[in-house]
Undergrad: 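Handing you a structure now.
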Amino acid sequence: MNANRSENFTANKIIPIITKYDYIILRQLGVGSISIVKLIYHIEKEEMYALKMENINDYEIPKLQKREYENYCNINHPYLHGCGNENVR
């Protein structure tokens with residue numbers, strides 16, 4: 001096993017746009033007050049990801065998404081993509 005797997009990840013990694021036709025939902029991982037997290041399988045990449053999506057319609061969601069996005073931009077961790085997570089459609 002590679003001792004330093006984090007070298008394969010970078011903070012400036014380009015995140016492609018993912019549409020609902022690019023993945024298969026495998027199962028639900030968790031539910032919050034306004035969002036749900038699902039385990040998905042990306043067909044072309046043959047990889048699994050956790051996908052967070054809103055599960056209610058609320059006028060506050062855009063404000064909350066903006067705040068969460070700004071928080072992700074401040075994270076510097078090799079296994080989190082940070083900014084760019086808005087590319088999931």
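Since the structure is predicted, the reported quantities are computational estimates derived from the model, not experimental observations. Numbering of residues begins at 1 and proceeds along the displayed sequence. As a basis for the values below, the full set of heavy atoms in this structure was taken, side chains included, without hydrogen atoms, waters or symmetry mates.
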Undergrad: Are E70 and R67 ion-paired here, with the side-chain N under 4.0 Å from a carboxylate O?
TA: no

Undergrad: How many angstroms lie between NZ in K52 and OG in S35, if you round to the nearest 0.5 Å?
TA: 4.0 Å

Undergrad: Is the shortest heavy-atom distance from the side chain of E44 to the side chain of D22 under 4.5 Å?
TA: no

Undergrad: State, to 0.1 Å, how close V37 and A50 come at their nearest heavy-atom pair, and which atoms those are.
TA: CG1-CB, 4.0 Å

Undergrad: Starting from the C-alpha separation in whole Å, work towards a yes-or-no answer on side chain to side chain contact (heavy atoms under 4.5 Å, CB included) for Y41 and E47.
TA: CA-CA 6 Å; Y41 177 77; E47 294 179 336; over 6 Å; no

Undergrad: CG/L26 to OH/Y49 distance, rounded to the nearest 0.5 angstrom?
TA: 13.0 Å

Undergrad: Rounded to the nearest 0.5 Å, what separation is found between the CD1 atom of I34 and the CG atom of N55?
TA: 8.0 Å

Undergrad: Does the side chain of L39 reach to within under 4.5 Å of the side chain of I25, using non-hydrogen atoms?
TA: no

Undergrad: With a 4.5 Å cut-off on side-chain heavy-atom distances among I, L, V, M, F, W and Y, is there a chain of contacts connecting M48 to L29?
TA: yes

Undergrad: Out of curiosity, E68 CD to I61 CD1, how far, rounded to the nearest 0.5 Å?
TA: 11.0 Å

Undergrad: Which distance, rounded to the nearest 0.5 Å, do you find between the OH of Y23 and the CG of L51?
TA: 5.0 Å

Undergrad: Could you grab the distance from atom CE of M53 to atom NZ of K38, nearest 0.5 Å is fine?
TA: 5.5 Å

